[in-house]
*Asks:* 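Sending over a structure as structure tokens; questions will come in a sec.
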Amino acid sequence: GSNVLKMSSSIQIQPKTAVQKSKASPLRCSPKPTVKPHPKPSDKLNPKTIDPFGVHTRPLSAFAAIYAKGGIPCRLVHGSVKHRLQWECLPETVPFDPLLVTLAEGLRETKHPYTFVSKEGFKELLMVEGATEKAIPLLPRLVPVLKAALAHSDDEVFGRGLDALVQLSAVVGPSLNDYLKHLLTNLSRRLMQKKFREKVTVALQKLEQYGGKVS
């Protein structure tokens, strides 16, 4: 009788031990997230998948480093048709200094999600109530940053810089006039290129419209 009890108890214990081992082993052997063999295409749009310590990753730019640390209070939400930004707080409550300047610096980025976040963030921040009063004091810092985007060799960077300049002009109006001379050289250079001739011409017309007769 005692032998039967010993056998039955050993039978109960052994499967339990085996189950415990099978549950524990995957945890020890689970691969690190940074070495996924086949990442989903949507992962490219998620800033969390950008590994700053990756073997083949170049040093992060200033904007990318700030974005990776959560210094930009908005993130990209990608849909099936159109991407959009989701703000962590209302844009009206966000200090323009230094965020607007930081977003302007991000216009020179060439990788997702930085390209979208900087362009859309700059645009949406200028749309908030009271943007004029908040943006005008930042013009001495914004203009050199936009000038760098307009002088960039990448066509898309130039396009984002030109759009941002027109958006800024619409908000600050004649306050931008004193700074236009610093930007005209880069605009005239692109004006000579056939593919940008129309876009630059329209931009100059809008700058004149928003700046008034003095411009």
Side-chain angles (χ1 to χ4, degrees), residues 44-45 47 50 57-68 71-72 74-76 78 82-85 91 96-127 131-132 135-136 138-212 214-215:
K44 295 180 180 179
L45 301 176
I50 300 173
T57 303
R58 294 181 178 179
L60 292 177
S61 64
F63 179 84
I66 294 173
Y67 185 66
I72 310 296
C74 57
R75 63 184 181 89
L76 181 147
H78 53 280
K82 187 177 180 180
H83 303 323
R84 64 180 179 86
L85 284 185
F96 271 44
D97 188 3
L99 183 58
L100 189 64
V101 179
T102 302
L103 290 169
E105 291 173 343
L107 296 171
R108 299 199 303 272
E109 295 289 336
T110 56
K111 294 182 179 180
H112 240 14
Y114 312 129
T115 51
F116 182 85
V117 171
S118 59
K119 177 181 179 179
E120 193 65 22
F122 188 88
K123 175 184 175 182
E124 292 186 13
L125 205 57
L126 287 177
M127 293 171 64
T132 301
I136 288 177
L138 298 177
L139 288 178
R141 292 157 59 192
L142 283 171
V143 170
V145 174
L146 292 178
K147 180 181 179 180
L150 295 174
H152 203 284
S153 59
D154 188 286
D155 290 346
E156 292 185 2
V157 171
F158 171 79
R160 287 193 292 272
L162 187 62
D163 290 339
L165 175 62
V166 173
Q167 291 160 10
L168 182 64
S169 177
V171 172
V172 302
S175 297
L176 187 62
N177 289 345
D178 291 339
Y179 301 93
L180 290 179
K181 59 185 177 183
H182 302 292
L183 306 170
L184 290 178
T185 301
N186 294 320
L187 293 179
S188 62
R189 185 179 296 117
R190 290 284 186 167
L191 189 62
M192 302 300 293
Q193 299 179 11
K194 185 177 180 180
K195 58 183 176 181
F196 284 110
R197 189 171 300 160
E198 182 178 357
K199 185 177 179 67
V200 173
T201 300
V202 172
L204 289 172
Q205 290 172 347
K206 290 183 177 180
L207 291 174
E208 183 179 4
Q209 174 187 345
Y210 300 136
V214 178
S215 64

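Note that the coordinates shown come from a computational prediction; the quantities given were computed from them, not determined experimentally. All heavy atoms count here, side chains included; hydrogens, waters and symmetry mates do not. This chain uses plain numbering: 1 for the first residue, then up along the sequence.
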*Asks:* Distance check, rounded to the nearest 0.5 Å: Ile66 atom CD1 versus Leu60 atom CG?
*Replies:* 11.0 Å
*Asks:* Can you see which heavy atom on Tyr210 is nearest to which on Val166, and at what distance?
*Replies:* CE1-O, 4.0 Å
*Asks:* So how far is it from Arg190 CZ to Asn186 CG, rounded to the nearest 0.5 Å?
*Replies:* 9.0 Å
*Asks:* Has the side chain of Arg160 got a donor or acceptor atom that lies under 3.5 Å from a matching backbone atom of Lys119?
*Replies:* no
*Asks:* I need the minimum non-hydrogen distance between Tyr67 and Cys74, along with the two atoms involved.
*Replies:* CE1-O, 3.7 Å
*Asks:* Within this structure, what is the CG-CD distance for the pair Leu162 and Gln167, rounded to the nearest 0.5 Å?
*Replies:* 9.5 Å
*Asks:* Please say whether more than 12 non-hydrogen atoms of neighbouring residues, nucleotides or ligands are located less than 6.0 Å from CD in Glu156.
*Replies:* no
*Asks:* Would you confirm whether Ser169, through its side chain, and Leu165, through its main-chain N or O, come within 3.5 Å as a donor-acceptor pair?
*Replies:* no
*Asks:* Can you find a heavy atom in the side chain of His83 that is under 4.5 Å from one in the side chain of His112?
*Replies:* yes
*Asks:* Atom CG of Leu99 and atom CZ of Phe122: how far apart are they, to the nearest 0.5 Å?
*Replies:* 10.5 Å
*Asks:* For Gly161 and Ala149, work out which heavy atoms get closest and say how close.
*Replies:* CA-CB, 4.0 Å
*Asks:* Could you check whether Lys199 pairs with Asp163 (Lys NZ or Arg NE/NH1/NH2 to Asp/Glu carboxylate O, under 4.0 Å)?
*Replies:* yes
*Asks:* Please give me the minimum heavy-atom distance between Glu109 and Val157, naming the atom from each residue.
*Replies:* O-CG2, 3.9 Å
*Asks:* Could you point out which residue of Leu126, Leu207, Leu138 forms a side-chain contact (heavy atoms from CB on, under 4.5 Å) with Leu168?
*Replies:* Leu126
*Asks:* Could you list the residues that satisfy salt bridge (charged side-chain N to carboxylate O under 4.0 Å, His left out) with Lys181, not counting sequence neighbours?
*Replies:* none
*Asks:* Do the side chains of Leu139 and Ser175 get nearer than 4.5 Å, heavy atoms only?
*Replies:* yes
*Asks:* Return the minimal non-hydrogen interatomic distance between Ser215 and Asn177, and the atom names on each side.
*Replies:* CB-OD1, 3.3 Å
*Asks:* Just so I know, are the side chains of Val101 and Phe96 near enough to count as touching, which here means a heavy-atom distance under 4.5 Å?
*Replies:* no
*Asks:* A side-chain contact here means heavy atoms from C-beta on lying under 4.5 Å apart; do Gln205 and Gln209 qualify?
*Replies:* no
*Asks:* Would you compute the distance between atom OG1 of Thr110 and atom NE2 of His152 and round it to the nearest 0.5 angstrom?
*Replies:* 6.5 Å
*Asks:* Any non-hydrogen side-chain atom of Phe158 less than 4.5 Å from a side-chain atom of Val200?
*Replies:* yes
*Asks:* Taking all atoms of both residues into account, what is the closest heavy-atom pair of Tyr179 and Pro140, and its distance?
*Replies:* OH-CG, 3.5 Å
*Asks:* I need the Leu125 CG to Glu120 CD distance, nearest 0.5 Å.
*Replies:* 11.5 Å
*Asks:* With the side chain counted from C-beta on, respond yes when Leu150 and Lys147 share a heavy-atom pair under 4.5 Å apart, and no when they do not.
*Replies:* no
*Asks:* With sequence neighbours left out, write down each residue that passes side-chain contact (heavy atoms from CB on, under 4.5 Å) with Pro98, or none if nothing qualifies.
*Replies:* Thr102, Arg141
*Asks:* Are Leu85 and Arg75 close enough that some pair of their side-chain heavy atoms sits under 4.5 Å apart?
*Replies:* no
